[in-house]
Amino acid sequence: MSDPYETTEAHLERLLGRALNSFDLPDRLVERLGTALAHSSSLYTTHHSPETGIWRETHRHTYLLADGGSVSLWELAYLLEGDRRVRHEVFASKAETCLAVSRLFGEASAGAAPDPVLLPGDEEPENDMAVLSELFACPAPARRHREYAVEQSADHARRVLRRAENGDRPGEPVAALLRSAYAHQITQAFGGRQPLSDGRDAGFSLYEHAFVLVDGTEVSLWEVEHTATPDGRHMCEVYESEAAAREAMELRARVR
């Protein structure tokens, strides 16, 4: 998981810094990204072949710009056969990402199920305003292809619930359910800064903690990290649904 207090500027700098091909991005696009006010990152696909060791993930990073527009960057993270170093490439469109996947995995991927996000017929929209024009709007459910980490997931769930300060946080029934979690994945769904009604500027981050239970059930906790407190301190809130978490962020942004 990325730094929960990472600014959009730092997020963009880290993304471009690790990409092997960031110099291929159009200069005009990079200039526009320099005005980004907020960002949202999503995992779109993941593919892993235990036989060859080949692994790849596709991430979409969408940025809200100062002029009211938005742009997306597509990040491909991957391991090649026999390689132990994760490589990153970044592209301005899904079409370019599709070509990169064909270039890198064309033969190795033969017979594998296609990545849904990279289907050639899935056209890129003209812009991504629907993603970030309303910073705290709950988006429609998206197809998510998860790769869970099998580790101390029950303990992770306990710690997430323990640090929640909101009175309407998930109660004992949810806590009891998550005691059987054996794997989990953390995804940042939103990160950015928002001016408050009292003139201050507050940081907001939204994370999904997705868990797999022993019976195969998937359960998610939605964690809001923000500084929209009277004294500007960091606060953690946890909710059972994305809609409730985003509603809480919207409410905190109107604090006086």
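- For R103 and E89, the salt-bridge test passes: some basic side-chain N is under 4.0 Å from an acidic carboxylate O.
- With S102 contributing its side chain and C98 its backbone, the two residues share a donor-acceptor pair below 3.5 Å.
- Inter-residue side-chain proximity for Y63 and L73 is flagged as met; some heavy-atom pair is nearer than 4.5 Å.
- The aromatic ring centres of H209 and H156 sit less than 6.0 Å apart.
- To the nearest 0.5 Å, the span separating CG on L25 from CG on L16 amounts to 6.5 Å.
- Salt bridge present: R246 and E242 bring a charged side-chain N and a carboxylate O closer than 4.0 Å.
- For the residue pair L29 and A92, the shortest heavy atom distance occurs at CD2-CB, 3.8 Å.
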Apply side-chain hydrogen bond (donor to acceptor under 3.5 Å, both in side chains) to the pair T62 and S72, showing each step before the final yes or no. CA-CA 4 Å; T62 303; S72 288; 2.8 Å; yes

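- The hydrophobic cluster containing V238 also contains V219, counting ILVMFWY residues as joined when their side-chain heavy atoms lie under 4.5 angstrom apart, directly or transitively.
- Closest approach of F204 to M249, counting heavy atoms only: CE2-O, 3.7 Å.
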What's the verdict on side-chain contact (heavy atoms from CB on, under 4.5 Å) for L251 and E247, showing C-alpha distance, side-chain angles and the deciding distance? CA-CA 6 Å; L251 178 64; E247 183 179 355; 5.8 Å; no

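- Side chain of T35 to main chain of E31: no donor-acceptor pair is present (N/O by atom type, distance under 3.5 Å, no hydrogens or angles).
- Taking 4.5 Å as the limit, some side-chain heavy atom of L15 sits within range of a side-chain heavy atom of E75.
- Rounding to the nearest 0.5 Å gives a distance of 5.0 Å between NE2 of H184 and OG of S153.
- To the nearest 0.5 Å, the span separating NE2 on H88 from CZ on R14 amounts to 9.0 Å.
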Go through it in stages, so that I can follow the logic: the residues are R18 and E13, the test is salt bridge (charged side-chain N to carboxylate O under 4.0 Å, His left out), and I'd like the CA-CA distance, side-chain angles, deciding distance and then a yes or no. CA-CA 9 Å; R18 69 187 177 218; E13 182 179 354; over 6 Å; no

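- Remark: the T187 side chain and the E208 side chain contain no N/O donor-acceptor pair separated by less than 3.5 Å.
- Of the candidates R163, R252, R169, E237 forms a side chain to side chain donor-acceptor pair (under 3.5 Å) with just one, namely R252.
- Under the 4.5 Å side-chain heavy-atom criterion for Ile, Leu, Val, Met, Phe, Trp and Tyr, W74 and L99 are members of distinct hydrophobic clusters.
- Counting heavy atoms of neighbouring residues, nucleotides and ligands inside a 6.0 Å radius, atom CG of D27 does not exceed 12 of them.
- Ring geometry, H39 versus H11: the interplanar angle falls under 30°, so the pair is classed parallel (tilted spans 30 to 60°).
- In the hydrophobic cluster analysis, where Ile, Leu, Val, Met, Phe, Trp and Tyr join through side-chain heavy atoms closer than 4.5 angstrom, F211 is grouped apart from V214.
- For the atom pair OG (S40) and CD (Q188), the distance works out to 8.0 Å, reported to the nearest 0.5 Å.
- Between L206 and A245, the shortest heavy-atom distance links the atoms CD1-CB, 3.7 Å.
- Side chains of H61 and S41: a donor-acceptor N/O pair is present below 3.5 angstrom, by distance only.
- If you chain together hydrophobic residues whose side chains sit under 4.5 Å apart, L161 and L213 fall into the same group.
- Looking at N166, its side chain never comes within 3.5 Å of a backbone N or O of Y239 through a donor-acceptor pair.
- Contact record, L221 with V160: CD1-CG1, 4.0 Å, taken as the closest heavy-atom pair.
- Separating the OG1 atom in T97 from the CZ atom in R60 is a distance of 10.5 Å, to the nearest 0.5 Å.
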Let me see the working for L20 and R87 under side-chain contact (heavy atoms from CB on, under 4.5 Å), right down to the final yes or no. CA-CA 7 Å; L20 300 174; R87 302 169 188 267; 3.9 Å; yes

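- Considering OG1 of T217 and CG of L178, their distance stands at 11.0 Å, rounded to 0.5 Å.
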Going through the checks in order, is the side-chain contact (heavy atoms from CB on, under 4.5 Å) test met by L64 and T8? CA-CA 10 Å; L64 178 68; T8 295; over 6 Å; no

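- Residues L65 and L33 approach most closely at CD2-CA, 4.3 Å, considering heavy atoms.
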Checking side-chain contact (heavy atoms from CB on, under 4.5 Å) for the pair F91/S93: CA distance, chi angles, key distance, verdict? CA-CA 6 Å; F91 305 92; S93 70; 5.7 Å; no

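- Residue Y182 is not grouped with residue L177 when hydrophobic side chains (ILVMFWY) are merged at heavy-atom distances under 4.5 angstrom, including chains of intermediate members.
- The minimum heavy-atom distance between V224 and H226, with the atom names listed, is CG1-CD2, 3.9 Å.
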